[in-house]
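For this chain, numbers begin at 1 and follow the sequence in order.
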Amino acid sequence: DIAARNAPAVATPAPTKLPQRTLPELLEELDDLVGLTEVKAQVHRQTALLRMSKLRTEKGLKTPTVSRHLVFVGNPGTGKTTVARLVAGIYRALGLLKKGDLIETDRSGLVAGYVGQTAIKTKAVIDAAIGSVLFIDEAYALAGDNFGEEAVATLVKGIEDHRDELVVIVAGYPAEMKTFIDTNPGLESRFGTTILFPDYTDDELVSIFRKLAGGSDFEPTTACVDRLRALLALEPRDTGFGNGRFARNLFESAVARHAWRLRDKEAPSLEELRQLEAEDLPG
């Protein structure tokens, strides 16, 4: 229409290009993630369901409609984006998506400053995500005003228009996401699977810290791990807690403090270069 032709060009989020891997490789990487036991089980079940549905269709058998769209609920840093990337790869490996990239966005990427432009902006993001997974973080922020409702209505239409070419994952806090899904019947009917990402336990956060360290050729000493546990015990577990991001931030801080601790050593030993000590974490 005239508004669409006269609208300025809309910038769309750049896709996260993912290497093409086999289904067993992707499921193995999923299983190697720390914690998330029920999340892994649900992704495995969803994978088996979609695979069987595709095989039945290829054999000419009737197949109940299986929604490929997902709701991820959980606090920040609980692995939602990481699992979304794996889901994109899994769907591509199953032959359900041609590209299997991950397009990440949020309210700011979908909503414009005035009515009418929001639909154009949201449609541009949807078009960029064809053949891939569109991951909308903090999707609940789209509820409650005309601009957000316009974005949601455009999203629902896009899902229907590209039912075989597009997968959408919406993510956010549990209570807010339930309210968001309930506000639009189109969302409720298309997002039948909700996956809960629980907060990490102290043991799981220690495992994440160790995994990050090992991946960078560092090794935390026993005293370092003891201090890490003490820090975790003191950290409030409210909605502002970063979970896995908290562990990553502590690791990155430890690496910086480790470098400062060894600043005057002209030729530190291999052990000194590798070991993270208690003093490399905040006191």
* Asked: Going through the checks in order, is the side-chain contact (heavy atoms from CB on, under 4.5 Å) test met by Val225 and Thr221?
  -> CA-CA 6 Å; Val225 172; Thr221 63; over 6 Å; no
* Would Glu149 and Asp145 count as a side-chain contact (heavy atoms from CB on, under 4.5 Å) if you check the C-alpha gap in whole Å, the side-chain angles of each, and the deciding distance to 0.1 Å? -> CA-CA 6 Å; Glu149 289 172 4; Asp145 62 42; 5.9 Å; no
* Please lay out, stage by stage, how Thr118 and Thr154 fare under the test side-chain contact (heavy atoms from CB on, under 4.5 Å). => CA-CA 9 Å; Thr118 288; Thr154 307; 5.8 Å; no
* Run the numbers on Phe197 and Ile195 for side-chain contact (heavy atoms from CB on, under 4.5 Å), then give the verdict. => CA-CA 7 Å; Phe197 288 69; Ile195 299 180; 3.8 Å; yes
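A donor-acceptor pair is defined here as one N or O able to donate and one able to accept, closer than 3.5 Å; such a pair exists between the side chain of Arg227 and the backbone of Ala278. Using a distance-only test at 3.5 Å, with no hydrogens or angles considered, a donor-acceptor pair links the side chain of Lys80 to the main chain of Gly74. Judged by distance alone, with hydrogens and angles left aside, the side-chain atoms of Asn243 form a donor-acceptor pair with the main-chain N or O of Pro76 at under 3.5 Å. Between the side chain of Tyr91 and the backbone N or O of Arg68, at least one donor-acceptor pair lies under 3.5 Å. Judged by distance alone, the side chain of Arg190 and the main-chain N or O of Ile159 form no donor-acceptor pair under 3.5 Å. Put simply, the side chain of Thr78 gets close to the backbone of Asn75: a donor and an acceptor are under 3.5 Å apart. The closest donor-acceptor contact from the side chain of Glu25 to the backbone of Thr22 lies under 3.5 Å. Remark: side-chain polar atoms of Ser132 are paired, donor with acceptor, to backbone N or O of Asp101 under 3.5 angstrom. Counting only distance, with no hydrogens or angles, the side chain of Ser216 and the backbone of Ala213 share no donor-acceptor pair below 3.5 Å. Remark: side-chain polar atoms of Ser253 are not paired, donor with acceptor, to backbone N or O of Asn249 under 3.5 angstrom.
Residues Ser53 and Arg56 form no side-chain contact, since every pair of their non-hydrogen atoms from C-beta on lies 4.5 Å or further apart. The shortest distance between side-chain heavy atoms of Arg92 and Lys99 does not fall below 4.5 Å. Residues Phe209 and Leu250 have side chains in contact (heavy-atom distance under 4.5 Å, counting atoms from C-beta outward). Between Leu110 and Leu142 the shortest side-chain heavy-atom distance falls below 4.5 Å. Contact of the Leu196 side chain with the Val39 side chain is not registered, since no non-hydrogen atoms from C-beta on lie closer than 4.5 Å. Taking the side chain as every heavy atom from C-beta outward, Glu277 and Cys224 never approach each other to under 4.5 Å. Taking 4.5 Å as the limit, some side-chain heavy atom of Asp31 sits within range of a side-chain heavy atom of His44. Side-chain contact between Tyr173 and Val73 is absent, with no heavy atoms from C-beta onward closer than 4.5 Å.
Distance check: Asp203 CG to Leu232 CG gives 9.5 Å after rounding to the nearest 0.5 Å. To the nearest 0.5 Å, the span separating OG1 on Thr47 from CD on Gln42 amounts to 11.5 Å. Note: Leu96 CG to Leu166 CG = 12.5 Å, rounded to the nearest 0.5 Å. Residue Ile90 holds its CD1 atom at 9.0 Å from CZ of Arg21, rounded to the nearest 0.5 Å. Between the CZ atom in Phe218 and the CG atom in Leu276 there is a gap of 5.5 Å [rounded to 0.5 Å]. Distance CG/Leu86 to CD/Glu29: 4.5 Å, rounded to 0.5 Å.
Between Glu279 and Arg257, none of the side-chain N atoms (NZ, or NE/NH1/NH2) sits under 4.0 Å from a carboxylate O, so this pair counts as no salt bridge. Between Asp137 and Arg107, no side-chain nitrogen of the basic residue sits less than 4.0 Å from a carboxylate oxygen of the acidic one, so the salt-bridge criterion is not met. Look at Asp280 and Arg261 and you find a salt bridge, because one of the NZ, NE, NH1 or NH2 atoms lies within 4.0 Å of a carboxylate O, short of that distance. Salt bridge present: Arg85 and Glu104 bring a charged side-chain N and a carboxylate O closer than 4.0 Å.
Contact detail for His162 and Asp127: the closest heavy-atom pair is NE2-OD1, 4.2 Å. Nearest heavy atoms, Tyr200 versus Glu204: CA-OE1, 3.3 Å. Minimum heavy-atom separation, Thr183 to Pro185: O-CD, 4.1 Å. When all heavy atoms of Ala139 and Phe180 are compared, the pair lying nearest together is O-CE1, 3.5 Å. Closest approach of Pro198 to Leu36, counting heavy atoms only: CD-CD2, 4.3 Å. Residues Asp182 and Glu188 come closest through the heavy atom pair OD1-OE2, 4.0 Å.
Note that Arg248 lies outside the cation-pi zone of Phe251, set by a 6.0 Å cut-off to the ring centre and a 45° limit from the axis. Geometrically, Arg263 engages Trp260 in a cation-pi contact, judged by NZ or CZ lying under 6.0 Å from the ring centre and within 45° of the ring axis.
The neighbour count for Lys157 NZ, taken as heavy atoms of other residues, nucleotides or ligands under 6.0 Å away, does not exceed 12. More than 12 heavy atoms of other residues, nucleotides or ligands sit less than 6.0 Å from atom NZ of Lys40. Within 6.0 Å of the CD atom in Glu271, the count of heavy atoms belonging to other residues, nucleotides or ligands does not exceed 12.
A side-chain donor-acceptor contact under 3.5 Å links Ser108 and Asp106.
For the pairing with Thr194, the side chain to side chain contact (heavy atoms under 4.5 Å, CB included) check across Val170, Leu70, Val71 returns one residue only, Val71.
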